[in-house]
Amino acid sequence: MMAADQALPGVPPSLSAKVVGSFAYLTVRDRLPTILTKVIDTIHRNKNKFFEEYGEEGIQAEKQTISLLSKLRNELQTDKPALELTDSLQDKESWNQYLHRLQGDQESVSWFKSPWLYMECYMYRRIQEALWLNPPISEYDVFNEGKTQSFFESQQAVMASCTYLEGINKNVEELSKSQLYEHFNKLLQVSLWGNKCDLSISAGQDNSQKASPIDSLDSLQPFILVNDSNMLWSTLMSAQRPRQSGKSTAGRVDIVLDNAGFELVTDLVLADFLVSSGLVHEVHFHGKCFPWFVSDVTANDFQWTIRQTMAANHKWMSKSGYRWQSYLKEGVWSYHDHPFWTQPHEFCDMAADAPDLYATLKRADLVLFKGDLNYRKLTGDREWDHTVGFDTALRGFGPAPLCSLRTLKANVQVGLQPGQGEKLTFQEPDWMTSGKYAVIQFYIPELEEQV
Ligand code: F6P
Ligand code: MG
């Protein structure tokens, strides 16, 4: 496998903090140390809790974890080389191998010189290492407080989304195809804009959804730079397979999740609609094995969100929560995590480096990739020209028809019309990082790639 920074014919270089003043540079210089400082504060603030749970051992673990994290912050700020991982987590070897791969290409792999995607992922893995080396607190989720708070702060928007969903579900069987299409589009866009609410871009500051998401859709329409939703719809339609009985069997959708809080609720609402409308018979959710990029969904966040929704003191919200729980029990929905999602690879490496995951995704009729980081990994986080096709940037990745639902928070964007990127840059220099713009960008692999 090629390492991310290797010069490849026709493939542009990786985004990197070595470009002084770039978004990658500012992230490594400012945002990542801020996130680390917050992590350290959170652990320190929870000292008494650790003492109550684990006694003196908890206090020692708190101190040692903070000392490892302070060292990490110092390595980052002084551009020290990336070090091998030393814990015993199952992905340690593949992380270390990836580092060696990168080291094969350059003298040293370090924060301000190497691919931004690698270094940013590495920071989250090192946070995990610091905790893992201190057993009584190794399972502690340093980002849990922020994720929980963001869920509660978006309660109005969550209620509005569940109310809308229950309105559809009431008479879903009587809806015409065009009505279904209209609802599909709305819920797809709610899930799209739900991606605005991540806590990594805001370095952990409140970024929750306050207004009703359905009401804002019309005004947000002009900010969708690429909208392939009609192709998604056709894909779902062609996934309906006729059965002998004359009835049709619907397909399978996989959703590669991004953030907990409001965004996760929007994904669950979309998944519910896909099932209740009969468009799809199975939804597979993919989350992270450990806390990642501040607000990403872990198994714990997934279950917690469903339990909170069930327990809500709001009729439609709790009704939705109970149905989600039953989808999970019946196997109509399932949740999976795979270590590949918390590794630094571009997705074009998946077939070789995580063939089991690639094979899983191949079974889907459609894979939805939520959020910015997934887009960066789909396109390799490289300096692509904006007019390069999405298919080119995917560099052979295509286990199934796929679609990115992403608000732009990093400076990589492909598949635009000639001149579109230049015009945006002229009007709003930060259009790629402000989260104001979004894409619904679809790709269907050639048939022989899918088999
Ligand atoms: O730098 C901003 C950032 O941390 C990006 O690295 C990352 O792509 C994004 O925030 C996270 O966004 P999302 O939650 O949409 O993947
Ligand atoms: Mg995220």
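Counting begins at 1 with the first residue of the sequence.
- Screening Arg382, Lys377, Arg376 against Glu346 for a salt bridge (Lys or Arg N to Asp or Glu O under 4.0 Å) leaves a single residue, Arg382.
- When only modelled atom types and interatomic distance are considered, Trp193 and Ser216 share no side-chain donor-acceptor pair under 3.5 Å.
- Not counting sequence neighbours, the partners of Gln221 by the side-chain contact (heavy atoms from CB on, under 4.5 Å) test are Gln189, Ile224, Asn227.
- The two residues Trp333 and Asp272 have their closest heavy-atom pair at CZ2-N, 3.5 Å.
- For the side-chain hydrogen bond (donor to acceptor under 3.5 Å, both in side chains) with Lys370, the qualifying choice from Asn195, Asp296, Asn259, Asp267 is Asp267, the only one to do so.
- Side-chain atoms of Gln149 and Glu145 include no donor-acceptor pair closer than 3.5 Å.
- For Met432, the side-chain contact (heavy atoms from CB on, under 4.5 Å) partners two or more places apart in sequence, or in a different chain, are His386, Leu408, Asn411, Gln413.
- Between Leu131 and Ile137, the shortest heavy-atom distance links the atoms CD2-O, 3.6 Å.
- The backbone N or O of Ser14 lies less than 3.5 Å from no partner atom in the side chain of Asp381, so there is not a single donor-acceptor pair.
- A donor-acceptor pair shorter than 3.5 Å cannot be found between the side chains of Thr387 and Gln417.
- Legend: residues meeting salt bridge (charged side-chain N to carboxylate O under 4.0 Å, His left out) with Lys436, ordered by chain and number and at least two apart, are Glu428.
- Proximity of a side-chain donor or acceptor of Ser22 to a complementary backbone N or O of Lys18 within less than 3.5 Å is not detected.
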Before you tell me yes or no, could you show the steps for Leu83 and Leu99 under side chain to side chain contact (heavy atoms under 4.5 Å, CB included), namely the whole-Å CA-CA distance, both residues' side-chain angles and the distance that decides it to 0.1 Å? CA-CA 8 Å; Leu83 304 172; Leu99 176 59; 5.9 Å; no
Audit row: Glu84, His100, side chain to side chain donor-acceptor pair (under 3.5 Å) steps and yes/no: CA-CA 9 Å; Glu84 282 195 10; His100 297 152; 2.7 Å; yes
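- Judged purely by distance below 3.5 Å, without hydrogens or angles, the side chains of Gln343 and Ser94 pair a donor atom with an acceptor atom.
- Nearest heavy-atom pair, Gly321 versus Ile306, reported as atom, atom and distance to 0.1 Å: O-CG2, 3.9 Å.
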Please report the C-alpha distance between Phe223 and Trp431 in whole Å, then the side-chain angles of each, then the deciding distance to 0.1 Å, and finally whether the ring-ring contact (aromatic ring centres under 6.0 Å, His included) criterion is met. CA-CA 10 Å; Phe223 301 106; Trp431 65 278; over 10 Å; no
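- Ring planes of Tyr124 and Phe293: parallel class, angle under 30° (limits at 30 and 60°).
- Within a 6.0 Å sphere centred on NE2 of His336, heavy atoms belonging to other residues, nucleotides or ligands number more than 12.
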Check the pair Gln128, Trp132 against side chain to side chain donor-acceptor pair (under 3.5 Å), reporting the backbone distance first and the verdict last. CA-CA 6 Å; Gln128 197 55 23; Trp132 198 254; over 6 Å; no
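- Between the side chain of Thr379 and the main chain of Tyr375, a donor-acceptor pair closer than 3.5 Å is present.
- For Asp301 and Thr298, the side-chain atoms include at least one donor-acceptor pair closer than 3.5 Å.
- Tyr122 pairs in a ring-ring contact (aromatic ring centres under 6.0 Å, His included) with only one of the listed residues (Trp292, Tyr98, Trp111), which is Trp111.
- Judged as a side-chain contact (heavy atoms from CB on, under 4.5 Å), and not counting sequence neighbours, Glu93 has no contacts.
- Note that the CD atom of Gln60 and the CZ atom of Phe51 stand 11.0 Å from one another [nearest 0.5 Å].
- Ion pairing between a basic and an acidic side chain is recognised when a charged N comes within 4.0 Å of a carboxylate O; Asp349 and Arg101 show such pairing.
- Using the six-membered ring where Trp is involved, Phe285 and Phe302 have ring planes that are tilted, between 30° and 60° apart.
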Can Phe50 and Tyr140 be said to form a ring-ring contact (aromatic ring centres under 6.0 Å, His included), step by step? CA-CA 10 Å; Phe50 300 142; Tyr140 181 66; 5.1 Å; yes
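- For the residue pair Tyr443 and Asp228, no side-chain donor N or O sits within less than 3.5 Å of a side-chain acceptor on the partner.
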Applying salt bridge (charged side-chain N to carboxylate O under 4.0 Å, His left out) to Asp87 and Arg126, what does each step give before you reach the verdict? CA-CA 10 Å; Asp87 57 33; Arg126 285 281 303 271; over 6 Å; no
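- Not counting sequence neighbours, the partners of Gln77 by the side-chain contact (heavy atoms from CB on, under 4.5 Å) test are Pro33, Arg73.
- The distance from the NZ atom of Lys38 to the CZ atom of Phe143 is 10.5 Å, given to the nearest 0.5 Å.
- Ring geometry for Phe397 against Phe369 counts as perpendicular: the plane angle is over 60°, on a 0 to 90° scale with 30° as the lower cut.
- A search for side chain to side chain donor-acceptor pair (under 3.5 Å) contacts involving Arg252 returns Asp254, not counting sequence neighbours.
- Distance check, rounded to the nearest 0.5 Å: OG1 of Thr266 to CG of Leu187 gives 9.5 Å.
- Taking the six-membered ring for Trp and thresholds of 30 and 60 degrees, Phe340 and His338 have ring planes more than 60 degrees apart, a perpendicular arrangement.
- A salt bridge does not link Arg125 with Glu129: every distance from a Lys NZ or Arg NE/NH1/NH2 to an Asp or Glu carboxylate oxygen is 4.0 Å or more.
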Please test Lys113 against Asp79 for salt bridge (charged side-chain N to carboxylate O under 4.0 Å, His left out), starting from the C-alpha separation and ending with a verdict. CA-CA 8 Å; Lys113 294 196 191 78; Asp79 195 25; 2.9 Å; yes
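- Taking 4.5 Å as the limit, some side-chain heavy atom of Leu270 sits within range of a side-chain heavy atom of Leu368.
- Side chain of Thr27 to main chain of Phe23: a donor-acceptor pair is present (N/O by atom type, distance under 3.5 Å, no hydrogens or angles).
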Check against side chain to side chain donor-acceptor pair (under 3.5 Å), Gln103 and Ser108: CA-CA 6 Å; Gln103 282 166 336; Ser108 83; over 6 Å; no
Could you go through the ring-ring contact (aromatic ring centres under 6.0 Å, His included) check for Trp304 and Phe152 one step at a time? CA-CA 12 Å; Trp304 181 88; Phe152 288 124; 5.6 Å; yes
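- Environment of CD in Glu57: sparse, with no more than 12 heavy atoms of neighbouring residues, nucleotides or ligands closer than 6.0 Å.
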